[in-house]
There are 2 protein chains.
Amino acid sequence: LRAARELGRKAEEFLRLYHGEEVSAGDLDSRLAAVRAEIADTGTYRHTTAELAFGARVAWRNSNRCIGRLYWRSLQVRDLRHLTDAEDIARECAQHLRLATNGGRIRPLITVFAPDSPDRRGPRIRNEQLIRYAGYRAADGTVTGDPLNAGLTERALRLGWTGGPGTAFDVLPLIVEGVHDKPRLFELPQDAVLHVPLDHPERPWSRHWGLRWHAVPAISAMCLEIGGVCYGAAPFNGWYMGTEIGARNLADTDRYDLLPRVAKDFGMDTGSVRSLWKDRALVELNRAVLHSFDRAGVTLADHHTEAERFLQHMERERRRGRDVHAEWSWIVPPMSGATTGVFHRSYDNTVHSPGFVRHTDGAD
Amino acid sequence: LRAARELGRKAEEFLRLYHGEEVSAGDLDSRLAAVRAEIADTGTYRHTTAELAFGARVAWRNSNRCIGRLYWRSLQVRDLRHLTDAEDIARECAQHLRLATNGGRIRPLITVFAPDSPDRRGPRIRNEQLIRYAGYRAADGTVTGDPLNAGLTERALRLGWTGGPGTAFDVLPLIVEGVHDKPRLFELPQDAVLHVPLDHPERPWSRHWGLRWHAVPAISAMCLEIGGVCYGAAPFNGWYMGTEIGARNLADTDRYDLLPRVAKDFGMDTGSVRSLWKDRALVELNRAVLHSFDRAGVTLADHHTEAERFLQHMERERRRGRDVHAEWSWIVPPMSGATTGVFHRSYDNTVHSPGFVRHTDGAD
Ligand code: HEM
Ligand code: HEM
């Protein structure tokens with residue numbers, strides 16, 4: 001009963017927001033009455049397709065850690081709430097990637113599967129992102145591939161995955177839990193995953209690094225919460241900002257840790273950090289990312305442009321009478337922070353709903 | 001009376017901290033009784049020299065924004081609390097700079113002048129740092145020198161300063177308010193200010209940029225608060241971290257804004273931010289700073305080393321049973337953030353006393 005009351009409160013808050021912002025929403029009072037009756041009857045309620053789309057877009061708008069929010073209204077929403085089965089979900093995740101990739105012109109997209117309900121947990125995707133490169137840990141502790149995913153890789157192997165070819169960039173299978181299922185494995189079809197080979201604009205030999213990264217960053221283990229309803233399987237993507245790849249995934253010492261290699265091949269003096277070899281290698285690696293995505297015709301933003309857009313977003317929202325909340329340490333890019341306008345101000349980090357949240361979840 | 005009670009509380013808290021950490025501190029109860037009596041009698045109390053030194057060192061230790069705290073115990077403390085007169089203070093600020101400069105082997109140092117008391121505000125130094133380069137604003141709004149100090153420069157001119165030679169690096173006079181005084185101007189003697197000419201290790205032509213920076217960063221407009229007593233004139237310094245000069249003072253668009261110039265002279269493609277010319281110019285400018293300070297034999301830390309030291313500091317304090325508090329956005333260096341260990345964690349930003357605080361102060 002208490003849960004139903006709490007849900008009713010959250011539903012009302014969301015519906016007021018929706019009807020307040022969207023003139024096309026229709027009559028608030030009758031919708032409120034219907035939702036209250038539905039909750040009393042079933043313990044939960046169903047969003048209309050329009051409510052779902054609005055909720056998902058506002059969840060993006062409310063993502064305090066996201067610098068890419070200028071285009072929040074353009075998010076495309078696939079309403080697949082009727083799907084609860086692992087196999088269906090895996091198939092539609094692949095389809096999500098194809099639609100999002102769009103031949104390189106990346107489209108911001110979210111696919112929403114069945115929500116949780118009071119009597120049963122909805123489906124879950126256990127991969128943090130739809131596309132994750134395996135990290136194979138050897139007996140001596142070294143990892144081939146992405147060390148971030150070593151745990152997920154072990155889990156896939158325990159579940160019966162036979163492993164990929166063993167490169168540094170093997171795509172992991174999806175681990176999906178349907179509503180009545182144990183976790184099951186699904187390989188992503190090759191045509192669903194676009195990879196971009198990486199090399200440096202001025203150093204042809206950098207091809208021998210054998211680097212690549214995938215075109216679409218699709219977060220798949222966060223819960224989309226709208227008006228008290230949890231969509232635990234709702235993968236979403238934008239396009240990449242270059243630094244995510246060049247200044248984190250490929251550079252972090254607990255990821256691909258490539259700065260020493262890049263510095264060495266560029267002939268930098270790695271004897272002392274005072275030569276700023278890390279800083280120089282970091283810039284060259286990020287130039288390689290930007291250059292390679294451009295050449296491949298795949299959308300990817302640089303951090304200067306994305307920071308400008310975010311300031312534009314704040315200004316636009318302010319004019320619409322809304323505050324933009326943000327988390328400084330996530331908004332400021334991980335390299336050349338102070339060269340971007342977003343560095344030189346502070347933000348209110350209050351969290352709002354609808355939103356994307358990380359639920360600690362017994363099954364994980 | 002209420003103020004006295006509040007002061008008594010803060011004094012006690014400080015004295016308990018001091019006696020808890022320093023075995024040489026003597027008997028706590030008798031000291032507490034004496035301080036209580038002194039406050040009842042005079043409305044304030046006087047720290048012993050040992051209390052002052054401990055308080056100043058712990059104020060550094062408590063500076064949540066400071067990455068340089070590993071050496072907090074080594075802070076040298078000049079006890080000049082008997083000085084209240086503007087002229088004496090200006091003379092001893094110059095002497096502070098000579099002692100801190102130490103021929104290039106920079107010494108962390110604080111000079112403490114007379115505190116505030118219930119019946120009179122103590123002296124104040126109106127310059128944010130002892131050494132500040134003038135910013136001369138022309139009729140068209142452009143600034144020669146450091147735009148950050150345009151306001152201070154105007155204030156000095158209004159107070160009768162005749163201006164410096166008009167370079168981009170003219171040292172401003174000190175603006176000091178003695179206890180019974182209006183603000184007065186004092187030129188810093190040339191032998192008190194060490195400048196380091198800046199050029200790039202591999203580009204001799206960079207000498208023609210005509211760049212320099214001063215050796216000692218001495219903050220002079222923050223209040224040192226110890227056990228409820230405010231030392232409003234207590235300039236302190238450490239050595240520079242290179243990025244303060246190369247990634248902020250010389251690079252920020254509202255400071256010397258040198259990245260476009262550096263990029264152009266290096267022949268970088270400044271047509272599009274996507275070439276990462278800002279990032280590349282930033283690295284080269286910072287290499288110039290490190291190289292030039294090294295050649296001049298002046299202590300200056302690089303951000304990689306200083307970040308390592310800070311993590312060492314946290315570990316050392318933890319072993320001593322103390323938490324280290326910090327402000328992420330100030331601790332993480334303004335360039336190549338994610339390449340430093342301090343980026344990859346969060347901090348508790350709770351503020352503690354003793355500390356350095358910014359008082360809004362009627363006279364300003
Ligand atoms: C359109 C282009 C987009 C760009 C350039 C962008 C950029 C970013 C970046 C750089 C981060 C920080 C990632 C990290 O450091 O790990 C981030 C985080 C985030 N973004 Fe976006 N984003 C985009 C689209 C989206 C979309 C479409 C959504 C949701 C519908 C979204 C929701 C989020 C959320 C929830 C986070 C925080 C993730 C977490 O906590 O791990 N973003 N974004
Ligand atoms: C010994 C070498 C030192 C280094 C390398 C160092 C480094 C830094 C850096 C990089 C900042 C940020 C500055 C900015 O972004 O504007 C900072 C801030 C600060 N430091 Fe240190 N520091 C040192 C010594 C000291 C000493 C001796 C004290 C006091 C006794 C001190 C107290 C502070 C305070 C109060 C701030 C914050 C200033 C503000 O709020 O504007 N530091 N330090």
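Just so it is clear: chains get the letters A, B, ... in the order the sequence lines come, proteins before strands, and each one is counted from 1.
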Ring centroids only, cut at 6.0 angstrom: are Trp209(A) and Tyr256(A) within range, meaning strictly under it? no
Out of Gly242(B), Ala338(B), Gly337(B), return the one with the most heavy atom pairs under 4.5 angstrom to chain A. Ala338(B)
Note: vs chain A, highest number of non-hydrogen pairs under 4.5 angstrom among Arg274(B), Met335(B), His304(B), Lys278(B) is Arg274(B)
What residue, out of Asp279(A), Val273(A), Asp294(A), has the most heavy-atom pairs lying under 4.5 Å from chain B? Asp279(A)
May I ask you to name which of Thr305(A), Asp254(A), Leu259(A), Asp252(A) has the most heavy-atom pairs under 4.5 Å with chain B? Asp252(A)
Could you look at [X] and say if it's the side chain, the backbone, both or neither that has a heavy atom under 4.5 Å from chain B?
X	value
Ser275(A)	backbone
Ala251(A)	neither
Arg248(A)	side chain
His344(A)	side chain
Leu300(A)	both

Parallel, tilted or perpendicular: which fits the ring planes of His352(B) and His325(B), with parallel below 30° and perpendicular above 60°? tilted
Classify the ring geometry between Tyr240(B) and His214(B) as parallel (under 30°), tilted (30 to 60°) or perpendicular (over 60°). tilted
Is Asp265(B) salt-bridged to Arg203(B), going by a charged N under 4.0 Å from an acidic O? no
Greater than 12 external heavy atoms within 6.0 Å of Arg345(B)'s CZ: yes
Exceeds 12 heavy-atom contacts within 6.0 angstrom, atom CZ of Arg207(B): no
Taking Arg255(B) for its side chain and Leu250(B) for its backbone only, find out whether a donor-acceptor pair lies under 3.5 Å. no
